Protein chains: 2
Amino acid sequence: MYVHNGCMNSGQTLELTAVEAEACCEPSGQPSIDDYEAQLRASVFKALADPNRLRLLSIVKGSEGGEACVCDLTEPLNLGQPTVSHHLKILVDAGLLHREKRGTWAYYSLVPGAIERTTGLLESL
Amino acid sequence: MYVHNGCMNSGQTLELTAVEAEACCEPSGQPSIDDYEAQLRASVFKALADPNRLRLLSIVKGSEGGEACVCDLTEPLNLGQPTVSHHLKILVDAGLLHREKRGTWAYYSLVPGAIERTTGLLESL
DNA sequence: CAGCTATATCGATGATTGTCAATGTATGTG
DNA sequence: CACATACATTGACAATCATCGATATAGCTG
């Protein structure tokens, strides 16, 4: 006889109430994040899921004064200016970069605490 | 007169050697990650850039014994079994989940230290 | 062996994304 | 005013992705 004591979702479709189904999913385990929270966190990782955007963060972080303008970023990435602006906007929308317009230039800098907040999204899974 | 002392990539196209161009990109700043390193790190964040995969990690982490099989994961995510298997494969390939086949079942668990290694990818940008 | 179960893989499809050329907007210069 | 510069936005296109149904594989049961 073969015993499997972990999975109770097998076999024919079960008839469960919503409450029973909810309880069924975590047998004596810790509660997991819900779908809304997962979407919030995924939106941040989506912003990080591109090599050019990671390089943008890295260059901005390592730049003199902790800030850089678009014209300083197009050349090292070997990308067109519209593409760099597009990536920067995604990083700003994700709350990772801060944008400050001074005269004709737009200076981008790391949002203080953004990296720590992002690592927290992973550690608290 | 308007002075801008940060950007030297403006104006007409400059004639630079490769070495000069490299040095130009980081005026007195820290070195940034190269394209290869950026692609490696982005591949991990790509795996995290989906709400359902974040929920998979969360459920596996919070499960009894720290492991769960596919049939325990399809229902809470409200996804088909092939889709869940697909997401799990992506998480395994990213080095975040470990897969162990026991009998007919496949048990997934967090790779020890994977979360810490991933947060390190952010902190060391 | 035949049948069932858990999981993986394949092929297709609609949605999202990264990139660029072209254009728009705002600011500074003469 | 006219012109140049720095940046953002738009529209298009190829590539990637998330999801599903169908099918394949492998282990267990009788």
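The model shown is predicted, which means the values in this text are computed figures rather than measured ones. Each chain gets a letter, A, B and so on, in the order its sequence line appears, and its residues count up from 1. Computed over heavy atoms, backbone and side chain alike; hydrogens, waters and symmetry mates excluded.
Under a 4.5 Å side-chain heavy-atom cut-off, the cluster of Ile, Leu, Val, Met, Phe, Trp and Tyr residues that includes V111(B) has no other member.
S85(A) has a side-chain polar atom (N or O) that falls below the 4.0 Å cut-off from OP1 or OP2 of dA8(D).
Taking every side-chain heavy atom of C71(A) into account, dC7(D) is the closest of dA6(C), dC7(D), dA8(D). Counting only heavy atoms from C-beta on, K89(B) has its side chain closest to dT9(C) among dT7(C), dT5(D), dT9(C).
L56(A) has its CG atom 14 Å from the C1' atom of dT19(C), to the nearest Å. Between the P atom of dA6(C) and the OH atom of Y108(B) lies a distance of 15 Å, rounded to the nearest Å. Per the geometry, OH belonging to Y107(B) stands 13 Å off C1' belonging to dG27(D), to the nearest Å. What separates CG of D93(A) from C1' of dT9(D) is a distance of 13 Å, to the nearest Å.
Residues D50(A) and F45(B) form no side-chain contact, since every pair of their non-hydrogen atoms from C-beta on lies 4.5 Å or further apart.
Checked by atom type and distance alone, the side chain of R53(A) pairs as donor or acceptor with a backbone atom of A47(A) at under 3.5 Å. For the pair T83(A) (side chain) and L79(A) (backbone), a donor-acceptor distance under 3.5 Å is absent. The backbone N or O of I59(A) sits less than 3.5 Å from a side-chain atom of S63(A), completing a donor-acceptor pair.
Sorted by first then second residue, the salt bridge (Lys or Arg N to Asp or Glu O under 4.0 Å) pairs that include residues 114-125 of chain A, not counting sequence neighbours, number zero. Pairs of residues two or more places apart, or lying in two chains, that qualify as side chain to side chain donor-acceptor pair (under 3.5 Å) and include a residue from residues 33-48 of chain A are D35(A)-Q39(A), E37(A)-R41(A), R41(A)-S124(A).
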(Q) Base contacts versus sugar-phosphate-only contacts with protein, heavy atoms under 4.0 Å: please encode nucleotides 12-22 of chain D as B, S and - from 5' to 3'. (A) -----SSBBBB
Below 3.5 Å, can you tabulate the donor-acceptor pairs from side chains in residues 90-100 of chain A to any protein atom, sequence neighbours excluded?
from	atom 1	to	atom 2	distance (Å)
D93(A)	OD2	K89(A)	NZ	3.4
R99(A)	NE	Y108(A)	OH	3.4
E100(A)	OE1	R102(A)	NH1	3.4

Under 3.5 Å between N/O atoms: give me all the protein pairs with nucleotides 12-14 of chain C, atom names plus distance.
none

